[in-house]
Amino acid sequence: MSLADLSLDQWWSFDLSTARRVAHQAAELVGGRVTAIETVAHLGAPLHRVRIERNTQEFALIPGGTVALGVDLEGWHSASEQTADYAESLEHGFGYGPDLRAHLAQVLSPRRSVTLATVLMAVEDENLTELPADMPAVLAARGLRMPSSDEWEHACGAGATTLFRWGNDCPLDRIPYGDPDGPQNQPNALGLRIAYDTYRTELTSDAAAVHGGDGGESVCGGYGCLLGWLPLATANRNPSMAEFVYGPDGEDLCEDFSTRPVLTL
């Protein structure tokens, strides 16, 4: 079996010695070296996470396969505190619909099943050095590419179908910006530093979406606590921010945006 065909379910079934062997195979394929292999608890079961260094940049192994992405809003129920917090934001003129479910329908990707290849993805996002349209060529010169939106979402959630990569809840007594103790500060289940700062705006190969933050819009706008956390939601594609980023107003701000390079196996 090619490493690219490794599924997340298969990876979950591996013992540590098998995971270690696969990690070294992946590192050899890309001319890198394994820097860490550890096991963490995720969704009630042990999950191995691997970091591989190549040309001084660290990557995490992201097993693929057929996976569920997006949020099933028909089966999703918000906590009463979240509903109340959104209602308060709505009173101040923020929000995309008359209730929280309607707002989420505007910004989150829908539930779907996709099949993805296993890849190596950068542990840290990196700022753009050129306009978004020119970044594929910049990355290709380093043997890298931008992730797809589906790859980003899968890597962030790592099999979790909850609103955030850590669960469905978020603190409603504060926003994530400037919060040193919030769940966004921990690496995700696969070892990525992802969806960690709402001032970040990660771009993928999909010009209709941005991920992992809103460039600080919700903070500066005073949108409220829940709306302050939602830019970090795994399935949040923020179409209005994407329109700004890829429009004429975003051209002079490209260095404020980032991407998360991918190494194909």
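Throughout, residue positions are numbered sequentially from 1 according to the sequence presented. Small disclaimer: the values here were computed from a predicted structure and weren't measured.
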Do [X] and [Y] touch side chain to side chain, with heavy atoms closer than 4.5 Å?
X	Y	answer
Arg142	Asn55	no
Glu153	Val67	no
Val22	Val50	no
Arg20	Val34	no
Gln184	Phe164	no
Leu190	Pro63	yes
Leu61	Leu3	no
Phe257	Val210	no

Short side-chain to backbone donor-acceptor contact, [X] and [Y], under 3.5 Å:
X	Y	answer
Arg33	Glu53	no
Ser205	Met146	no
Thr201	Gly215	yes

From [X] [atom1] over to [Y] [atom2], what is the distance, rounded to the nearest 0.5 angstrom?
X	Y	atom1	atom2	result
Gln82	Asp169	CD	CG	5.5 Å
Asn127	Asp256	CG	CG	7.5 Å
Asn238	Thr198	CG	OG1	11.0 Å
Leu128	Met135	CG	CE	4.5 Å
Asp214	Tyr199	CG	OH	9.0 Å
Asp9	Ser13	CG	OG	8.0 Å

Side chain to side chain contact (heavy atoms under 4.5 Å, CB included) evaluation trace for Val107 with Met241: CA-CA 10 Å; Val107 299; Met241 185 65 182; over 6 Å; no

Check whether [X] and [Y] end up in the same hydrophobic cluster, where Ile, Leu, Val, Met, Phe, Trp and Tyr are linked by side-chain heavy atoms less than 4.5 Å apart.
X	Y	answer
Phe59	Leu8	yes
Val138	Leu203	yes
Trp152	Leu265	yes
Val219	Phe244	no
Leu108	Leu100	yes

Check: Thr204/Ser148 side-chain N/O donor and acceptor closer than 3.5 Å: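 No pair is found: no donor N or O on one side chain lies under 3.5 Å from an acceptor on the other.
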
Polar side chain donor-acceptor pair, Tyr96 to Ser240, under 3.5 angstrom: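 A donor-acceptor contact under 3.5 Å links the two side chains.
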
Which heavy atom of [X] sits nearest a heavy atom of [Y], and at what distance?
X	Y	value
Arg49	Gly191	CD-N, 3.6 Å
Asp85	Gly224	OD1-C, 4.3 Å
Ile52	Ala23	CD1-O, 3.7 Å
Ala195	Cys156	CB-SG, 4.0 Å
Gly95	Leu227	N-CD1, 4.2 Å
His154	Gly64	NE2-CA, 4.1 Å

Trace of the side chain to side chain contact (heavy atoms under 4.5 Å, CB included) decision for Leu226 with Leu230: CA-CA 6 Å; Leu226 180 61; Leu230 280 179; 4.3 Å; yes

Pair Thr18-His48, side chain to side chain contact (heavy atoms under 4.5 Å, CB included): steps then yes or no: CA-CA 10 Å; Thr18 304; His48 310 299; over 6 Å; no

For [X], look at atom [atom1] and say whether over 12 heavy atoms of other residues, nucleotides or ligands are found less than 6.0 Å away.
X	atom1	value
Glu243	CD	no
Glu88	CD	no
Glu126	CD	yes

Whether His42 and Trp12 hold their rings parallel, tilted or perpendicular, with breakpoints at 30° and 60°: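 Plane angle under 30°, so parallel.
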
Ring geometry between Trp11 and Phe14 (parallel below 30°, tilted from 30 to 60°, perpendicular above 60°):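 Rings of Phe14 and Trp11: perpendicular, over 60°.
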
Check against side chain to side chain contact (heavy atoms under 4.5 Å, CB included), Tyr86 and His103: CA-CA 9 Å; Tyr86 179 77; His103 175 86; 3.4 Å; yes

Name every donor-acceptor pair, under 3.5 Å, that has one atom in a side chain of residues 170-181 and the other anywhere in the protein, sequence neighbours excluded.
{"residue": "Arg174", "atom": "NE", "partner": "Asp179", "partner atom": "OD1", "Å": "3.3"}
{"residue": "Arg174", "atom": "NE", "partner": "Asp179", "partner atom": "OD2", "Å": "2.8"}
{"residue": "Asp179", "atom": "OD1", "partner": "Asp181", "partner atom": "N", "Å": "3.1"}
{"residue": "Asp179", "atom": "OD1", "partner": "Gly182", "partner atom": "N", "Å": "3.4"}
{"residue": "Asp179", "atom": "OD2", "partner": "Gly182", "partner atom": "N", "Å": "3.3"}

Pair listing, salt bridge (Lys or Arg N to Asp or Glu O under 4.0 Å) test, anchored in residues 185-208, at least two apart: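 Of all non-adjacent pairs touching residues 185-208, those that pass salt bridge (Lys or Arg N to Asp or Glu O under 4.0 Å) are Glu124-Arg193, Asp125-Arg200, Glu202-Arg260, Asp206-Arg237.
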
